[in-house]
Amino acid sequence: MLHKFSSQVTKPLHDSRILIIDDISPNCELIIEHLQKDGFRFIATNSNEELEPDIVIIDVGMLETLEELREDPLFNKVPVLTIVGNHEERSKAWEAGTSDILSKPIDQQELLSRIKAQLTNTYQKAELEYYYKNTQDDVDQSFELQHLLLPTDETILLYEKKHNISIHSLFIPSRFLSGDLCGLIDISDHKLGVWISDFSGKGIRAALNTFRLHTLIQDYQYCADDPDEFIDALNTRLIELMPVGQFATFLIGVIDFQNNVFEYTAAGATHPLVYYPD
């Protein structure tokens with residue numbers, strides 16, 4: 001059995017490092033014998049050296065040691081199997097922070113089964129944590145890239161000065177990644193294009209669609225003066241690129257400052273709200 005943490009790291013179960021803590025030598029020898037017969041190779045007993053075990057086996061008589069281990073950052077996440085003799089000892093072991101309990105006298109099959117179960121659980125958790133961390137890193141990078149698709153502060157300031165207007169926007173995805181995106185298109189000295197889109201779904205797939213859309217918009221800026229033509233051109237290309245079942249709402253509008261007109265075309269999007277402060 002191999003537990004894979006990444007494409008570069010694998011760990012055979014029998015290569016797990018086992019630390020046995022018991023002040024009675026015959027008990028240690030018996031446990032070691034059972035472990036070695038099954039193929040475990042890296043076993044230490046009552047070690048004072050700095051050891052990073054994958055699992056600890058401890059006798060209930062060493063509960064103070066167990067409590068100290070749980071306070072040590074090196075051991076606080078390591079599974080501990082405590083050997084107990086009666087019900088009262090079981091309760092004390094759970095209170096001290098044991099992960100599992102093994103009854104006396106020690107049965108070889110039970111010992112091996114409980115050790116393997118704890119190790120397997122530990123490695124699976126580590127694998128999930130590794131996967132989550134790497135996935136989260138990818139999501140964080142994608143989120144940063146998606147933000148780069150939005151108009152920069154410098155671009156907004158340029159358009160504000162050019163057209164003598166004030167531009168405000170708010171972009172807060174419901175999750176880290178979404179299919180939401182908006183932008184501005186500088187059409188002429190007296191015209192500014194405004195567009196907003198929302199792809200179906202959430203997460204990386206929806207975010208990837210926003211990158212596709214942003215690239216296409218750069219290609220079709222030449223016809224942004226005509227919202228109908230612009231949105232038709234985008235739709236034709238997106239049909240070729242997007243899988244069946246995925247779609248987006250879209251609105252493209254052109255503000256004509258010379259004629260004080262806002263002309264727009266909406267595809268599945270809600271109508272824009274026009275607000276007159278006076």
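Remember, it's a predicted structure, so these values are computed and weren't measured experimentally.
- Contact check for L102 versus L111: side-chain heavy atoms found under the 4.5 Å cut-off.
- For the 3.5 Å distance criterion, the side chains of D232 and N235 fail to qualify, holding no donor opposite an acceptor.
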**Prompt:** Between I31 and I83, is a side chain to side chain contact (heavy atoms under 4.5 Å, CB included) present by the stated rule, with each step listed?
**Reply:** CA-CA 11 Å; I31 295 172; I83 303 171; 3.5 Å; yes
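- Hydrophobic clustering (side-chain heavy atoms under 4.5 Å, transitive across Ile, Leu, Val, Met, Phe, Trp, Tyr) keeps L150 apart from V194.
- In this structure, D72 places its CG atom where more than 12 heavy-atom neighbours from other residues, nucleotides or ligands lie under 6.0 Å away.
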**Asked** Given Q218 and Q221, is the side-chain hydrogen bond (donor to acceptor under 3.5 Å, both in side chains) satisfied, shown in steps?
**Response** CA-CA 6 Å; Q218 307 309 307; Q221 286 194 52; 2.8 Å; yes
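- Pairing each heavy atom of A93 with each of L66, the nearest pair is O-CD2, 4.2 Å.
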**Asked** Should I21 and L19 be marked as a side chain to side chain contact (heavy atoms under 4.5 Å, CB included) after you check the CA-CA gap, both sets of side-chain angles, and the distance that decides it?
**Response** CA-CA 7 Å; I21 301 177; L19 174 61; 4.0 Å; yes
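- Distance check, rounded to the nearest 0.5 Å: CD1 of I32 to CD of E29 gives 7.0 Å.
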**Request:** Starting from the C-alpha separation in whole Å, work towards a yes-or-no answer on ring pair (Phe, Tyr, Trp, His ring centres under 6.0 Å) for F257 and H163.
**Result:** CA-CA 8 Å; F257 298 100; H163 300 291; 4.8 Å; yes
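- Residues F247 and I252 are members of separate hydrophobic clusters, defined by side-chain heavy-atom contacts under 4.5 angstrom among Ile, Leu, Val, Met, Phe, Trp and Tyr.
- With rounding to the nearest 0.5 Å, the separation of CD1 in I255 from CD in E263 is 12.0 Å.
- One finds the CD atom of E67 at 11.5 Å from the OG1 atom of T98 (value rounded to the nearest 0.5 Å).
- Atom NZ of K104 sits in a crowded spot, with more than 12 heavy atoms from other residues, nucleotides or ligands closer than 6.0 Å.
- One hydrophobic cluster, built from ILVMFWY side chains closer than 4.5 Å, cannot hold both I196 and I231; they sit in different ones.
- To the nearest 0.5 angstrom, D100 atom CG is 11.0 Å from I57 atom CD1.
- Counting heavy atoms from C-beta outward, W195 and L213 have side chains that approach closer than 4.5 Å.
- Using modelled atom types, no side-chain atom of T155 and backbone atom of P151 make a donor-acceptor pair closer than 3.5 Å.
- Of the N and O atoms on the side chains of H14 and S16, not one donor lies less than 3.5 Å from an acceptor on the other residue.
- Side chains of D228 and T265: a donor on one and an acceptor on the other come within 3.5 Å.
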**Request:** Go through I115 and F40 one step at a time and tell me if the side chain to side chain contact (heavy atoms under 4.5 Å, CB included) criterion holds.
**Result:** CA-CA 11 Å; I115 287 175; F40 286 98; 4.2 Å; yes
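- In this view, D225 and K191 satisfy the salt bridge (Lys or Arg N to Asp or Glu O under 4.0 Å) rule, not counting sequence neighbours.
- Put simply, the side chain of S99 gets close to the backbone of V80: a donor and an acceptor are under 3.5 Å apart.
- R114 places a side-chain N or O within donor-acceptor distance of the main-chain N or O of I101, the cut-off being under 3.5 Å.
- Heavy atoms only, all atoms of each residue included: L63 and A96 are closest at CD2-CB, 4.0 Å.
- Relative ring orientation between F230 and F250 is described as tilted, the plane-to-plane angle lying within the 30° to 60° band.
- Between T249 and F199, the closest side-chain pair of non-hydrogen atoms is not below 4.5 Å.
- When atom types are taken as modelled, the side chain of T45 and the backbone of D22 share no donor-acceptor pair closer than 3.5 angstrom.
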**Asked** Do D59 and I20 pass the side chain to side chain contact (heavy atoms under 4.5 Å, CB included) test, and can you show the C-alpha distance, the side-chain angles, and the key distance before you say yes or no?
**Response** CA-CA 9 Å; D59 185 79; I20 304 171; over 6 Å; no
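- The six-membered or imidazole ring of F171 lies near that of H147, with a centre-to-centre distance under 6.0 Å.
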**Request:** Let me see the working for F262 and Y264 under ring pair (Phe, Tyr, Trp, His ring centres under 6.0 Å), right down to the final yes or no.
**Result:** CA-CA 6 Å; F262 180 70; Y264 72 94; 5.7 Å; yes
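- The CD1 atom of I239 sits 13.5 Å away from the CD atom of Q246 when rounded to the nearest 0.5 Å.
- Within 6.0 Å of CG on N260 lie no more than 12 heavy atoms contributed by other residues, nucleotides or ligands.
- The distance from atom CD1 of I18 to atom CD of Q36, rounded to the nearest 0.5 Å, is 10.0 Å.
- Heavy-atom neighbours of R212 CZ from other residues, nucleotides or ligands within 6.0 Å: above the threshold of 12.
- Other residues, nucleotides and ligands contribute more than 12 heavy atoms inside 6.0 Å of the NZ atom of K162.
- In this view, K92 and E88 satisfy the salt bridge (Lys or Arg N to Asp or Glu O under 4.0 Å) rule, not counting sequence neighbours.
- R17 places a side-chain N or O within 3.5 Å of a backbone atom of E52 that can act as its donor or acceptor partner.
- Following chains of ILVMFWY side-chain contacts shorter than 4.5 Å, one can reach I156 starting from I165, so the two form part of one hydrophobic cluster.
- Cluster membership for V78 and W94, using ILVMFWY side-chain heavy atoms within less than 4.5 angstrom, is shared.
- In terms of heavy-atom proximity, A206 sits nearest to S200 at CB-O, 3.8 Å.
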